[in-house]
Novice: 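Mind having a look at this structure? Questions to follow.
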Amino acid sequence: MNKKAIFANAAVVLGLSSVFSTEAFASTINEMENQKTTIQQEREELQGKISSANEEKKRLEKEQSSLSAQLERLKLAAKENEKKVTDTEDSIKQTTEKIDILQKDIDTLNEKLEERNQVLAQRAKALQEAGGSVDYVQVLLGSQSFSDFVDRSVAVSTIISADRDILKETKEMQDEVAQKQSSVKGKLKDLEAMKEELKGINEYLAEQKAEQETLAAQLNEKKSENAQQVASLTEQETDLSTQEQTLTDSIAAKKQREQEQKEAAEKAEQQVATASSQSIAEKAAPAQDNESTKATSKAIVEAPAAKSAPAASHSNVATVGNKWIGNSAYVFGGGRTQADINRGFFDCSSFVHWAYSQVGVELGPRGYVSTETLKHAGTQISASQMQPGDLVFFNTYKTDGHVGIYVGNGKFIGAQSKGVGIADMTQGYWKKKFNGRVVRI
């Protein structure tokens, strides 16, 4: 390779070296490192939440064990109550049958007593007709009830022996009826008590079943919520892990390229130094070599100067607002103070103004930005020529009532009703509202 080529190549390499080692390139790596640090902090926070969620999972499992034991106890109690209900119903049935039999016996005794009463009445009548003692008849006929009649008859000392036996037997039958009546009343009382007990048992059984269902539902709800929380946190952590790895790979690649460029620059400097030494040594050579030396010197002088790094493309504005997705709110007239911006309060115009300010482009005073000022802020182009970073306008509550930033693939980012988000302008609501106005800043 001749000296002219050496000097030219060296100059080009040195020029490129100065481009890639500019502050802008170094800043890019620093920004990526900072972003990586932020992601690592977010991952640590998420890992802490995941750890807490797993602890909650353990607690729920322990609670599940306790609730399962309680449910098992309630099931056993329900079985016992059902058995008690069955036993009580059997007892009621048996008692009812006994009462029916007893009532038949009482009816029979009452019939016999009525027969005895008729016999005694006939005897008293016969005695009166036979000229019996008026006082004796009056005693018998003056009784107020059958019981009183019997008592009076027994008390009368003049009653003949046959009548006395009948009266005695009648008295015994009367006592038996009274005893059985008392027994029936007791049985009925017991039966009513058993009915109340059965009613209470059934109510308690229903309460127990409802409690079982409530406990089971609460347990399932808690387990479902915990599972969703763990899944969501794990998904977020995995996503951040992927982002961190991507940044790590990108940083490593950029550092490797920077190292390669640095080594190439050092090699070029050595070539320049070597060529310069040879040039000085050849000054004493024949005149024909002077022309070569002059040409080499001219090559050095005419080597291209180092160029500064190109300015950031406006297309970057299409992604700078992603940080606000899910972390902002639409406020009509918001986003025109730093306090609003710090809280993520934007309307469509202020969001566009903020996004362009992040890439070094000011679209007029922040406090007065509107869709009207923005549609005159650049050059209007055809919708078929849209590129990421262009402004797109929509007729909502008025003509050009809404504005967003085109991000590509038929979508735009802007401050909508739910806050900053990406929407599809090729279908549905936004397709109907897009008016074809596209402005390139």
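Positions are given from 1, in the same order as the sequence printed here.
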Novice: Check this for me: E235, atom CD, are more than 12 non-hydrogen atoms of other residues, nucleotides or ligands nearer than 6.0 Å?
Specialist: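 No, because the 6.0 Å sphere around CD of E235 holds 12 heavy atoms or fewer from other groups.
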Novice: Side chain of N395, backbone of D400: donor and acceptor closer than 3.5 Å?
Specialist: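 A pair under 3.5 Å: yes.
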Novice: Hey, are the side chains of V407 and P388 touching, using non-hydrogen atoms and a 4.5 Å cut-off?
Specialist: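 SC-SC contact between V407 and P388 ruled out.
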Novice: Could you check K255 against E33 for salt bridge (charged side-chain N to carboxylate O under 4.0 Å, His left out), going step by step and ending with a plain yes or no?
Specialist: CA-CA 12 Å; K255 287 183 177 180; E33 291 281 8; 3.3 Å; yes
Novice: Can a donor-acceptor pair be found, under 3.5 Å and without considering hydrogens, that links the side chain of T38 to the backbone of N34?
Specialist: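 Yes; judged by distance alone, with no hydrogens or angles, the pair exists.
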Novice: Report the C-alpha distance between V392 and F434 in whole Å, list the side-chain angles of each, state the deciding distance to 0.1 Å, and finish with yes or no for side-chain contact (heavy atoms from CB on, under 4.5 Å).
Specialist: CA-CA 8 Å; V392 288; F434 178 54; 4.0 Å; yes
Novice: Would a 4.5 Å heavy-atom cut-off, applied to side chains only, mark Q380 and V438 as touching?
Specialist: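 With C-beta onward as the side chain, the pair stays apart.
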Novice: May I have the list of side-chain donor-acceptor pairs in residues 215-226 shorter than 3.5 Å, sequence neighbours left out?
Specialist:
unit_1 : atom_1 : unit_2 : atom_2 : d
N220   : ND2    : A216   : O      : 3.2
K222   : NZ     : E63    : OE2    : 2.9
N226   : ND2    : A53    : O      : 3.1

Novice: Using a 6.0 Å cut-off, check whether atom NZ of K57 has over 12 heavy atoms from anything other than its own residue.
Specialist: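 Check fails, neighbour count at 12 or below.
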Novice: Under a 3.5 Å cutoff, is there a donor and acceptor pairing between the side chains of Q118 and E114?
Specialist: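 Note: Q118 and E114 side chains meet the donor-acceptor criterion.
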Novice: For a 4.5 angstrom cut-off between non-hydrogen side-chain atoms, does F345 reach Y330?
Specialist: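 No, every pair of side-chain atoms sits at 4.5 Å or beyond.
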Novice: What is the distance from atom CZ of R440 to atom CD1 of I381, rounded to the nearest 0.5 Å?
Specialist: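 CD1 of I381 is found 3.5 Å from CZ of R440.
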Novice: So how far is it from F332 CZ to S349 OG, rounded to the nearest 0.5 Å?
Specialist: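 Answer rounded to 0.5 Å: 8.5 Å.
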Novice: Where do S241 and R43 come nearest, in terms of heavy atoms and distance?
Specialist: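 Where S241 meets R43 most closely, the heavy atoms are CB-CZ, 3.7 Å.
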Novice: List in chain and number order the residues that pass salt bridge (Lys or Arg N to Asp or Glu O under 4.0 Å) with K180, two or more places apart in sequence or in another chain; answer none if no residue qualifies.
Specialist: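 Listed in chain order: D105, E176.
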Novice: Determine yes or no for a side-chain-to-main-chain donor-acceptor pair under 3.5 angstrom, with S328 supplying the side chain and V420 the backbone.
Specialist: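 A pair under 3.5 Å: yes.
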Novice: Taking all non-hydrogen atoms of both residues, which atom of I92 and which atom of T96 are closest, and how far apart?
Specialist: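 Smallest interatomic distance, heavy atoms only, reads O-OG1, 2.7 Å.
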Novice: Tell me, with the steps shown, if K58 and E61 meet salt bridge (charged side-chain N to carboxylate O under 4.0 Å, His left out).
Specialist: CA-CA 5 Å; K58 292 180 181 178; E61 288 175 348; over 6 Å; no
Novice: What's the spacing between Q41 CD and L240 CG if we round to 0.5 Å?
Specialist: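 So the CD of Q41 and the CG of L240 are separated by 11.5 Å.
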Novice: Is the backbone N or O of V369 less than 3.5 Å from a side-chain atom of R336, with the two atoms forming a donor-acceptor pair by type?
Specialist: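 Such a contact is found between R336 side chain and V369 backbone.
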Novice: Are more than 12 heavy atoms from other residues, nucleotides or ligands located less than 6.0 Å from atom CG of D175?
Specialist: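 It does: D175 CG has more than 12 such atoms within range.
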Novice: For the backbone of H402 and the side chain of T371, can you confirm whether one donor and one acceptor N or O come within less than 3.5 Å of each other?
Specialist: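 Not at all, since once roles are kept as given, no pair shorter than 3.5 Å links the two residues.
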Novice: Using side-chain heavy atoms (C-beta onward) and a distance below 4.5 Å, is D390 in contact with V439?
Specialist: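 No, side chains not in contact.
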Novice: Using every non-hydrogen atom in the two residues, find where Q416 and A423 come nearest and quote the distance to one decimal.
Specialist: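 Reported closest heavy-atom pair: NE2-CB, 4.2 Å.
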Novice: Atom OG of S51 and atom CG of L233: how far apart are they, to the nearest 0.5 Å?
Specialist: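 CG of L233 is found 11.0 Å from OG of S51.
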Novice: List the atom of G436, the atom of A383, and the distance in Å for their closest heavy-atom pair.
Specialist: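 Closest pair (atom of G436, atom of A383, distance): O-CB, 4.2 Å.
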Novice: Any Lys/Arg nitrogen of E244 or K36 sitting under 4.0 Å from an Asp/Glu carboxylate oxygen of the other?
Specialist: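 Answer for the salt bridge query: no.
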Novice: Step by step, would you call L391 with Y356 a side-chain contact (heavy atoms from CB on, under 4.5 Å)?
Specialist: CA-CA 11 Å; L391 305 187; Y356 265 92; 3.8 Å; yes
Novice: For the residue pair L46 and E237, what are the closest heavy atoms and their distance?
Specialist: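 Looks like CD1-N, 3.7 Å.
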Novice: Does Y368 OH have over 12 foreign heavy atoms under 6.0 Å away?
Specialist: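 Open.
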Novice: Does a donor on one side chain sit under 3.5 Å from an acceptor on the other, for E44 and Q40?
Specialist: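 There is no such pair between these side chains.
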Novice: Considering non-hydrogen atoms only, spot the tightest contact between I405 and A355 and give its length.
Specialist: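 Looking at all heavy atoms of both residues, the shortest contact is CD1-CB, 3.7 Å.
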Novice: In the structure I gave you, are the side-chain heavy atoms of L374 and F393 within less than 4.5 Å of one another anywhere?
Specialist: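 Yes. Closest side-chain heavy atoms under 4.5 Å.
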Novice: Report yes or no: do D347 and S350 form a side-chain donor-acceptor pair below 3.5 Å?
Specialist: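 Side chains of D347 and S350: pair found under 3.5 Å.
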Novice: Does atom CD of E362 have more than 12 heavy-atom neighbours from other groups under 6.0 Å away?
Specialist: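 Check passes, neighbour count above 12.
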Novice: Quick one: do T396 and Y429 satisfy side-chain contact (heavy atoms from CB on, under 4.5 Å)? Show the steps, please.
Specialist: CA-CA 10 Å; T396 51; Y429 177 82; 3.9 Å; yes
Novice: Taking the side chain as every heavy atom from C-beta outward, state whether M425 and Y406 have any atom pair closer than 4.5 Å.
Specialist: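 A side-chain contact exists here, since the closest heavy-atom pair is under 4.5 Å.
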Novice: Cut-off 3.5 Å, side chains only: do S232 and Q236 have a donor facing an acceptor?
Specialist: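 A donor-acceptor contact under 3.5 Å links the two side chains.
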Novice: Is a donor on one side and an acceptor on the other found under 3.5 Å between the side chain of T238 and the backbone of T234?
Specialist: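 It does hold such a pair.
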Novice: Is the closest basic N to carboxylate O distance between D424 and K411 below 4.0 Å?
Specialist: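 A salt bridge is absent here (no side-chain N lies under 4.0 Å from a carboxylate O).
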Novice: Taking the side chain as C-beta and beyond, is there a heavy-atom pair between I413 and F351 under 4.5 Å?
Specialist: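 Yes; the side chains approach each other to less than 4.5 Å.
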Novice: Suppose we screen for ring pair (Phe, Tyr, Trp, His ring centres under 6.0 Å). Which residues come up paired with F412, at least two apart in sequence or across chains?
Specialist: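 Only F394, W430 meet the ring pair (Phe, Tyr, Trp, His ring centres under 6.0 Å) criterion with F412.
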Novice: Would you indicate whether the side-chain heavy atoms of R366 and Q338 approach each other to under 4.5 Å?
Specialist: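 Yes, their side chains come closer than 4.5 Å.
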